[in-house]
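Here is the structure we will look at.
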Amino acid sequence: MNTLVLLFWICFGCVAYTYAGYPLILAGVAWMRRRPPRRAEGHKPSVSFILAAHNEEATIGRRLTELTGLLAAAGVKGEVIVVTDGSTDGTAALARTAAKEGSVRVLELTGRVGKAAALTEGCAAAVNEVLVFADARQTWAPTALALLLENFADPEVGAVSGDLVVESAPGVMAGVGLYWRYEKWLRKKESQIHSLVGVTGAISAVRRELFRPIPRGTLLDDVYWPLQVAMQGFRVVHDKRAVAYDRLPERARDEFRRKVRTLSGNFQLVARLPALLLPWRNPLWLQFVSHKLLRLLAPWALLGMLAASALLPGPFFAWTFWGQFATYLLGVTGIWRVMGTQLRPSAAAASFLVLNAAAWLAFWVWISGRADRSWGKVSYGASVLR
């Protein structure tokens with residue numbers, strides 16, 4: 001019994017710290033020692049947009065028009081580098097048409113190399129001071145680029161992430177939107193203290209001299225290179241004023257597969273950059289362990305709590321077991337939309353259940369070597385326009 005009690009409390013401590021303790025510590029430290037970046041309105045370094053695209057003929061024309069318009073609106077010297085990653089549709093042709101206007105360059109990769117390698121190719125070709133990353137699907141607010149660039153007036157800032165606003169959705173997808181708001185809150189607090197662990201790949205920027213090549217096949221490019229920036233002694237900050245708009249996938253199962261891929265990418269990240277686990281090498285060690293790694297342990301801890309509380313005697317453990325059971329049942333109703341479209345708690349419980357199921361599955365996907373095959377192109381419906 002003593003072993004089961006110890007197991008229960010270790011598992012409980014892991015879950016409680018991951019979802020409550022760490023956010024509370026962040027909030028407290030951010031309140032005591034907030035470090036806002038020293039922004040300067042009108043700071044205008046030269047810019048190279050990097051856009052990796054695979055079979056994006058439906059959106060590439062609109063997106064390139066938007067990005068060149070953002071350069072003009074910000075009044076900065078710049079270019080848009082489109083890396084077509086083995087596209088088999090009209091993406092490359094449409095990009096070449098846009099390139100005739102002068103501020104767009106096209107790099108055509110004949111074979112598909114993946115987003116990480118495509119971004120590295122684009123960055124190697126860039127010549128301007130700041131690399132700005134964008135995706136083909138989203139839409140940026142008209143002032144987003146100018147606001148991002150203001151952060152680079154602070155010499156301590158090496159990279160900056162904008163704020164991705166996700167369109168609301170019903171049922172379990174509403175819970176995913178809730179989770180995304182929680183995730184953005186964590187990033188905001190981490191930024192106020194020192195640095196984010198990762199950026200939003202759809203709207204982010206980095207000083208060109210700080211960018212390091214991303215190994216081919218890396219799943220979390222938007223975590224790999226920001227951590228490299230932090231390990232060089234620079235800050236990675238969040239700017240909620242610089243906004244991009246997006247929407248969730250049309251099907252919940254596509255979002256689940258995306259989450260499995262993302263979480264398996266955390267295992268891959270540790271294998272490819274083991275220095276992240278060394279506190280004397282990684283200035284964001286506590287954030288990385290608390291924000292990324294403990295989430296991978298959480299599903300195992302939840303299973304341990306459930307099993308231990310089922311076997312231990314006494315009313316406390318009985319209440320704990322049935323409380324967990326009720327939460328998971330509520331989550332299942334949200335997933336199957338029995339009550340998910342009406343009850344916010346059901347959507348939140350469904351999101352929590354899906355997140356931890358994805359984290360559990362991510363381990364097996366990664367260890368089997370199938371992480372790079374866990375996600376494919378899905379339908380997001382019409383692009384979000386503002």
Side-chain angles (χ1 to χ4, degrees), residues 37-53 56 59-84 95 98-107 115 118-164 196 199-214 221-222 225-226 228-229 232 234-245 386:
R38 299 188 295 275
R39 301 182 179 115
E41 186 176 348
H43 184 66
K44 297 180 179 181
S46 59
V47 168
S48 290
F49 270 109
I50 311 296
L51 176 64
E56 295 285 357
T59 58
I60 193 70
R62 170 198 61 86
R63 193 63 168 130
L64 291 178
T65 298
E66 180 191 341
L67 296 182
T68 53
L70 287 168
L71 288 171
V76 298
K77 173 189 173 184
E79 63 180 350
V80 181
I81 300 176
V82 184
V83 186
T84 61
K100 294 176 182 178
E101 299 180 8
S103 59
V104 175
R105 283 200 284 156
V106 183
L107 301 180
K115 185 179 180 182
L119 289 177
T120 298
E121 291 282 345
C123 292
V127 295
N128 291 316
E129 297 168 85
V130 174
L131 307 175
V132 181
F133 299 102
D135 289 338
R137 188 179 65 253
Q138 295 83 10
T139 298
W140 287 23
T143 58
L145 176 61
L147 294 171
L148 278 180
L149 296 179
E150 288 180 5
N151 293 274
F152 292 104
D154 186 338
E156 294 184 351
V157 172
V160 59
S161 175
D163 192 72
L164 187 65
L196 308 176
V199 299
T200 300
I203 178 167
S204 55
V206 61
R207 297 183 192 272
R208 182 168 60 89
E209 68 271 17
L210 299 180
F211 178 82
R212 296 293 177 267
I214 310 166
D221 54 272
D222 51 8
W225 70 255
Q228 291 276 24
V229 170
Q232 293 175 72
F234 290 83
R235 294 182 66 191
V236 181
V237 299
H238 177 262
D239 191 338
K240 67 178 182 180
R241 307 170 306 154
V243 177
Y245 301 97
R386 287 293 188 276

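The shown structure was predicted, so the numbers you read here are calculated from the model rather than taken from an experiment. What you see below is based on every heavy atom in this structure, not just the backbone, and it leaves out hydrogens, waters and symmetry mates.
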Closest heavy-atom pair and its distance - [X], [Y]:
| X | Y | result |
| --- | --- | --- |
| Ala144 | Ala242 | O-CB, 3.6 Å |
| Ile60 | Val82 | CD1-CG1, 4.3 Å |
| Ile81 | Ala125 | CD1-C, 4.1 Å |
| Val229 | Arg235 | CG1-O, 4.4 Å |
| Leu196 | Ser161 | CD1-CB, 3.6 Å |
| Ser204 | Gly201 | OG-O, 4.0 Å |

Any donor and acceptor pair, going by atom type alone, linking the side chain of [X] with main-chain N or O of [Y] inside 3.5 Å?
| X | Y | result |
| --- | --- | --- |
| Arg62 | Ala136 | yes |
| Thr59 | Arg137 | no |
| Arg208 | Asn128 | yes |

Pairs touching residues 139-152 that satisfy salt bridge (Lys or Arg N to Asp or Glu O under 4.0 Å), sequence neighbours left out: Glu150-Arg241

Please lay out, stage by stage, how Val199 and Val236 fare under the test side chain to side chain contact (heavy atoms under 4.5 Å, CB included). CA-CA 8 Å; Val199 299; Val236 181; 3.6 Å; yes

Note, [X] side chain near [Y] side chain (heavy atom, < 4.5 Å):
| X | Y | result |
| --- | --- | --- |
| Leu149 | Val47 | yes |
| Val160 | Phe152 | yes |
| Trp225 | Val206 | yes |
| Cys123 | Phe133 | yes |
| Pro45 | Lys77 | no |
| Asp222 | Thr200 | no |
| Trp140 | Leu70 | yes |
| Leu71 | Val80 | yes |

Rounded to the nearest 0.5 Å, how far apart are [atom1] of [X] and [atom2] of [Y]?
| X | Y | atom1 | atom2 | answer |
| --- | --- | --- | --- | --- |
| Glu56 | Leu51 | CD | CG | 8.0 Å |
| Lys44 | Leu145 | NZ | CG | 10.5 Å |
| Arg63 | Thr68 | CZ | OG1 | 10.5 Å |
| Ile50 | Leu119 | CD1 | CG | 8.0 Å |
| Thr84 | Leu107 | OG1 | CG | 8.0 Å |
| Gln138 | Tyr245 | CD | OH | 13.0 Å |

Hey, is Asp239 close enough to Arg39 for a salt bridge, meaning N to O under 4.0 Å?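 Arg39 and Asp239: salt-bridged.
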
Regarding Asp154 and Arg38, does a basic nitrogen lie under 4.0 Å from an acidic carboxylate oxygen?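 Between Arg38 and Asp154 there is a salt bridge, with a charged N closer than 4.0 Å to a carboxylate O.
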
Can you see whether Ser48 engages Glu79 through a side-chain donor-acceptor pair at a distance of less than 3.5 angstrom? yes

Please say whether more than 12 non-hydrogen atoms of neighbouring residues, nucleotides or ligands are located less than 6.0 Å from CD in Glu209. yes

